[in-house]
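One structure is given below, encoded as structure tokens.
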Amino acid sequence: MASLPGSPDNGPSSIHTGLIKEVYDIPMDALIRPFPPEVNEAKVQSLMDTLEDPSMCSLVPPIDVLWIKGRLDGDYYYSFGGCHRYTAHKRLGRKTIKVKLVSSTINDLKIYLGSSTPDLK
Ligand SMILES: Nc1ncnc2c1ncn2[C@@H]1O[C@H](COP(=O)(O)OP(=O)(O)OP(=O)(O)O)[C@@H](O)[C@H]1O
């Protein structure tokens, strides 16, 4: 995984990624989000305020991202949760977002997308 900018560091975790220590800054436009986020506007605004406050922004944990290798070795970064954090970053015009990468397979993706799962190359 050579092309991701940023250096690993530690931070708060979800139940899914508690054992994963590395956090990466990944470009927002590298994320594939198949489902549009449904958000509570007040929570998004609160997260935006927190992210903009240098003394508070570390309270926003990285989002979990499924990292999937395509059959021709392509890298795909699928994001399903973290809707409020993703939306807050989007509205702030952030170019990157902190993530924990969960190494995953096409079969994992099928759990989310079923027969709509694309042929990843
Ligand atoms: N001002 C804030 N408002 C809401 N959450 C905050 C704030 N500051 C830090 N956080 C942290 O950000 C995380 C938000 O996660 P939460 O599950 O509420 O939303 P999400 O995962 O971004 O969206 P969703 O659960 O809808 O997919 C929590 O860990 C919370 O503690």
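Start at 1 and go down the list; that is how both ligands and their atoms are numbered.
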- Query: Do Thr105 and Asp108 have side-chain N/O donor and acceptor atoms under 3.5 Å apart?
  - Reply: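 Result is yes, a qualifying pair exists.
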Residue pair [X] / [Y], side-chain heavy-atom distance below 4.5 Å:
X: Ile63; Y: Leu31; answer: yes
X: Tyr77; Y: Leu101; answer: yes
X: Tyr112; Y: Leu66; answer: yes
X: Leu120; Y: Arg71; answer: no
X: Ile68; Y: Ile106; answer: yes

Just jot down the ligand 1 atoms closer than 4.0 angstrom to any heavy atom of [X], in number order.
X: Leu59; result: 9 (C), 10 (N), 11 (C)
X: Lys43; result: 16 (P), 18 (O), 19 (O)
X: Gly81; result: 27 (O)

Does the protein put a heavy atom under 4.0 Å from [atom]?
atom: atom 27 (O) of ligand 1; value: yes
atom: atom 24 (P) of ligand 1; value: yes
atom: atom 30 (C) of ligand 1; value: no

- What about His84: any of its N or O atoms under 3.5 Å from an N or O on ligand 1?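 N/O-N/O distance under 3.5 Å: yes.
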- Are any of the N/O atoms in Gly82 less than 3.5 Å from those in ligand 1?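 Yes, since at least one N or O of Gly82 sits under 3.5 Å from an N or O of ligand 1.
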[atom]: nearest protein contact (heavy atom, Å):
atom: atom 4 (C) of ligand 1; result: Leu47 CG, 3.7 Å
atom: atom 14 (C) of ligand 1; result: Arg85 NE, 3.7 Å
atom: atom 3 (N) of ligand 1; result: Ser46 OG, 3.4 Å
atom: atom 13 (C) of ligand 1; result: Pro61 CD, 3.7 Å

- Separation between CZ of Arg85 and NZ of Lys43, rounded to the nearest 0.5 Å: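 That separation rounds to 8.5 Å.
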- Which word best sums up how the rings of Phe80 and Phe35 line up, parallel for under 30°, tilted for 30 to 60°, or perpendicular for over 60°?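 If you compare the ring of Phe80 with that of Phe35, the planes turn out tilted.
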